[in-house]
Amino acid sequence: MDPYPDTSDVIVVGAGHAGCEAALAAARLGHQTLVVTVNVDHIGEMSCNPAVGGLAKGHLVREIDALGGEMAKNIDATGIQFRRLNTKKGPAVQSSRAQADKEQYRLRMKRVLERQENLDVKQAMVDALIVEDGTVKGVITSIEERFLGKAVILTTGTFLKGLIHIGLRNFPAGRMGDPASNKLSDYLRALGLGVGRLKTGTTPRLDGRTIDFSRLTPQHGDEPPVPFSFETQAIMQEQVPCHITYTNEKTHEIIKTGLDRSPLFTGVIQGVGARYCPSIEDKVVRFPDKPRHQIFLEPMGLGTTEVYPNGISTSLPVDVQFKMLRSIEGLEQVEIVRPGYAIEYDYVDPVQIKPSLECKTISGLFLAGQINGTSGYEEAAGQGIMAGINAVRHVRGDPPMILGRDQAYIGVMIDDLVTKGTQEPYRMFTSRAEYRLLLREDNADLRLRELGHEIGLVSSEAYEQFEQKRKSVDGLLTLLSDVRLHPKPEVKQTLEDLGIGTINQPLTLKDLLKRPEAELKDIAQLENRILSFDSQAARQATILVKYDGYIRRQSEQVERVKYLEGTRIPEDLDYFIIPGLSNEAKEKLSKIRPVSLGQASRISGITPAAVTIIQIYLKKWEHDAKE
């Protein structure tokens, strides 16, 4: 008798950052959800650096939070250093980053999943899917357990045929200490999916008791620390510093002596690594004229002495790692707790999935995270929450929720993946977003909170808090527009004292704030009602006023392309019968299967002329269908 006769609405395979967000979203939307993971003690594990956020990644975390996800709350509850990055640059590229207590981050996320209503967790290795007539029906584990489900989300991370490299020695593993999944990717190939090979890596972990921190430069976090989640009022746990050191020419010479035993430089590693996050040996070879490379020594938690040396990811032999580390200032007596390593793993070419993250050829099968070729906890989590939402919508028979490139970095990322694919680990950058001034970290709630509430992931209490913020911002903007200054002597004198020039004719506070040298706190000396608004409203209003022209310009750009984005293309359109399209265009369009003219226009090699041809054909097709 089958021990698991019940059918779950959603089955999530894997419980990393994508799996956690996918499972929580599905369960919180009221659907029975099952998580199947290799090791339940490693739910929410930070396999690489113990940190959340960073440039552009912080945007993703806040968007996940705005939609009702968990990552921001989890780092707020377990973060031990918070920093705002790029604060001297414009608001579009400012981001947040936080060091996590690695163990506490994992334990809290595990607790959240275990206590979530509608959510069950099982420890097992999934070897195959149950697929009937092109529809997924469940999963089969390595011990022949069969779990039935109406939708399945694969969030396999680096586990698909994972192979760890340390020097010229290698062994199968999903990450250090966990077994690889060696059968599932073969099964996906058998289903007809294109599977490729990628590579990533991590640093050695160091014993902090053997580091001479007195010789290093401390890097403290912000005071007070700024939370990630829009619901967190304050960070309560102890905060600690990181420390900065550098490699040197001796370090680089030691690294060079080990290149003949490097799996990266001897051709042992076949997978493609992240161009934007190279190993230290790759940095030394690619940038031979650079005398040093920066290293951030990041504490891995309040209850451990382990330290993560961010900046020296490596797969060199352990003896070379040891000599390399001991050549660095402050690390002359350092001991390695865990060696650094590279890991190769299989991934699925993401052009084979829809913008909903559902597989094009297998109904009900969703993919999220590194299986789609991305790199990073935040990228994985962003896909995870969308996969969870859309798996539920698939079960309900509702249309998928797809975020546009003008709505969220999550939308930019998914559109990039499904439209262009990737041959290297995909990492989010602010430069990937053409509307980045609209997609700021600070306004993620204004962009997505209402949507999160509508679909059922944002509670009424959290939504009410958001509504108060929105009303506060609108109220401050109204005040700035309504209050006019007149060129009275006392007003002129105050303006000169504040260093923001003078006025010779009446103007509004809003116009005054547009001046580069003007700050809202200074203008408050002329209108004390400004002081009644909180810091969030003040920041929002200041950005909207100072960047008004740029924001309006980007909004106009969005409006101009809305027609293309809104013009849907039938899923079964035969591009080979459309006259005027080149053979290359027909092949690419048939492979990608864009859902709209907008997506078609972003496919590499698809010209504006080709988009116009499709547009004309669709109009003719619609006209003929009506007659």
- Query: Taking Glu103 for the side chain and Asp101 for the main chain, is one N or O donor matched with an acceptor at less than 3.5 Å?
  - Reply: no
- Message: For the backbone of Val351 and the side chain of Lys360, can you confirm whether one donor and one acceptor N or O come within less than 3.5 Å of each other?
- Response: yes
- Show the numbers, then the answer: is there a side chain to side chain donor-acceptor pair (under 3.5 Å) between Arg427 and Ser375? CA-CA 6 Å; Arg427 180 179 177 181; Ser375 172; over 6 Å; no
- Query: Any salt bridge between Arg62 and Glu378, counting N to O under 4.0 Å?
  - Reply: no
- Query: Between Arg108 and Glu70, is there a salt bridge with N-O shorter than 4.0 Å?
  - Reply: yes
- Please examine the side chains of Lys256 and Val285, heavy atoms only from C-beta on, and report whether any two atoms are closer than 4.5 Å. no
- Message: With a 4.0 Å cut-off on N to O distance, would you call Asp346 and Arg189 a salt bridge?
- Response: yes
- Message: Working to the nearest 0.5 angstrom, can you tell me the gap between Lys250 NZ and Asn248 CG?
- Response: 8.0 Å
- Query: Under a 4.0 Å N-O cut-off, is there an ion pair linking Glu45 with Lys102?
  - Reply: yes
- Interatomic spacing from CD1 in Ile353 to CG in Asp349 - rounded to 0.5 Å: 9.0 Å
- Query: For Tyr377, what residues pass the ring-ring contact (aromatic ring centres under 6.0 Å, His included) criterion, not counting sequence neighbours?
  - Reply: His17
Return all side-chain donor-acceptor pairs below 3.5 angstrom for residues 109-116, not counting sequence neighbours, or 'none' if the list is empty.
unit_1	atom_1	unit_2	atom_2	d
Lys110	NZ	Glu114	OE2	2.5
Gln116	OE1	Arg28	NE	3.2

- Query: Under the side chain to side chain donor-acceptor pair (under 3.5 Å) rule, what pairs show up with a residue in residues 157-172, not counting sequence neighbours?
  - Reply: Lys161-Asp186, His165-Glu344
- Task: Give a yes-or-no answer on whether the side chains of Gln32 and Asp120 include a donor-acceptor pair shorter than 3.5 Å.
- Result: yes
- Item | Side chain Asp127, main chain Lys183, donor-acceptor under 3.5 Å | no
- Message: Between Asp207 and Val337 (side chain of the first, backbone of the second, donor and acceptor by atom type, cut-off under 3.5 Å), is there such a pair?
- Response: no
- Query: How are the rings of Phe82 and Phe228 set to each other: parallel, tilted or perpendicular (split at 30° and 60°)?
  - Reply: tilted
- Looking at residues at least two apart in the chain, or sitting in another chain, which of them share a ring-ring contact (aromatic ring centres under 6.0 Å, His included) with His31? none
- Message: Using modelled atom types and a 3.5 Å cut-off, is there a donor and acceptor pairing between side-chain atoms of Thr304 and backbone atoms of Met300?
- Response: no
- Closest approach of Thr203 and Ser313, non-hydrogen atoms and distance? CG2-N, 3.4 Å
- Note on the structure: Those residues at least two apart in sequence (or on a different chain) that pass side chain to side chain contact (heavy atoms under 4.5 Å, CB included) with Glu238 are Val240, Leu302
- Message: Taking Pro241's backbone N and O only, do any of them form a donor-acceptor pair with Gln219's side chain (distance below 3.5 Å, no angle check)?
- Response: no
- After noting the C-alpha distance and the side-chain angles of His220 and Arg83, does the key distance pass the side chain to side chain contact (heavy atoms under 4.5 Å, CB included) rule? CA-CA 8 Å; His220 296 277; Arg83 290 181 65 226; over 6 Å; no
- Between the side chain of Glu332 and the main-chain N/O of Gly330, is any donor-acceptor distance below 3.5 Å? yes
- With no hydrogens and no angle check, is any side-chain donor or acceptor of Tyr187 less than 3.5 Å from a backbone partner on Leu129? yes
- Message: Can you list everything that forms a side-chain hydrogen bond (donor to acceptor under 3.5 Å, both in side chains) with Thr245? Sequence neighbours excluded, please.
- Response: none
- Message: Checking the side chain of Tyr308 only, and the main-chain atoms of Cys48 only, is there a donor and an acceptor separated by less than 3.5 Å?
- Response: no
- Message: Any heavy-atom pair between the side chains of Arg261 and Val320 that's under 4.5 Å?
- Response: yes
- Message: I need the full list of salt bridge (Lys or Arg N to Asp or Glu O under 4.0 Å) pairs touching residues 293-315, with sequence neighbours left out, sorted by first then second residue.
- Response: Arg97-Glu298, Glu306-Arg338
- Task: Could you walk me through whether Arg84 and Ser96 pass side chain to side chain donor-acceptor pair (under 3.5 Å), step by step?
- Result: CA-CA 5 Å; Arg84 296 275 300 144; Ser96 301; 2.9 Å; yes
- Task: Please lay out, stage by stage, how Glu249 and Lys290 fare under the test salt bridge (Lys or Arg N to Asp or Glu O under 4.0 Å).
- Result: CA-CA 9 Å; Glu249 292 183 355; Lys290 194 164 185 179; over 6 Å; no
- State, without any angle test, whether Thr314 and Glu281 hold a side-chain donor-acceptor pair at a distance under 3.5 Å. yes
- Task: State which residue, out of Leu331, Ile254, Val334, fulfils the side-chain contact (heavy atoms from CB on, under 4.5 Å) condition with Arg326.
- Result: Val334
- For Glu21, enumerate each residue passing the side-chain hydrogen bond (donor to acceptor under 3.5 Å, both in side chains) test, keeping only those at least two apart in sequence or located in another chain. none
- Message: Measuring from atom CG of Leu34 to atom CG of Asn118, what distance do you get when rounded to the nearest 0.5 angstrom?
- Response: 12.5 Å
- Under 4.0 Å between a Lys/Arg side-chain N and an Asp/Glu carboxylate O for Lys73 and Asp76? no
- Note on the structure: Sequence neighbours excluded, the answer for side chain to side chain contact (heavy atoms under 4.5 Å, CB included) partners of Glu132 is Ile130, Lys137
- Item | Backbone N/O of Gly364 and side chain of Glu358: donor-acceptor pair under 3.5 Å | yes
- Please list, chain by chain and in numerical order, all residues satisfying ring-ring contact (aromatic ring centres under 6.0 Å, His included) with Phe265, sequence neighbours excluded. none
- Query: Going by heavy atoms in the side chains, are Thr155 and Ile371 under 4.5 Å from each other?
  - Reply: no
- Applying side chain to side chain donor-acceptor pair (under 3.5 Å), run through Thr251 and Ser327 and close with a yes or a no. CA-CA 6 Å; Thr251 311; Ser327 71; 2.7 Å; yes
- Should Val52 and Met71 be marked as a side chain to side chain contact (heavy atoms under 4.5 Å, CB included) after you check the CA-CA gap, both sets of side-chain angles, and the distance that decides it? CA-CA 9 Å; Val52 165; Met71 179 174 263; 4.2 Å; yes
- Hey, does Asp282 have a side-chain heavy atom less than 4.5 Å from the side chain of Leu264? yes
- Message: Using the ring-ring contact (aromatic ring centres under 6.0 Å, His included) criterion, which residues pair with His42? Sequence neighbours excluded.
- Response: none
- Message: Test salt bridge (Lys or Arg N to Asp or Glu O under 4.0 Å) on Lys57 and Glu379; report intermediate values, then the result.
- Response: CA-CA 7 Å; Lys57 292 171 177 281; Glu379 289 88 344; 2.9 Å; yes
- Task: Start with the C-alpha gap between His59 and Ser95, add the side-chain angles, then the distance that decides, and say whether side chain to side chain donor-acceptor pair (under 3.5 Å) holds.
- Result: CA-CA 7 Å; His59 291 68; Ser95 292; 3.2 Å; yes
- Note on the structure: side chain to side chain donor-acceptor pair (under 3.5 Å) pairs touching residues 381-390, sequence neighbours excluded, are Asn372-Gln383, Thr374-Gln383
- Between Ile244 and Leu297, does a side chain to side chain contact (heavy atoms under 4.5 Å, CB included) hold up when you go through it step by step? CA-CA 6 Å; Ile244 299 172; Leu297 297 176; over 6 Å; no
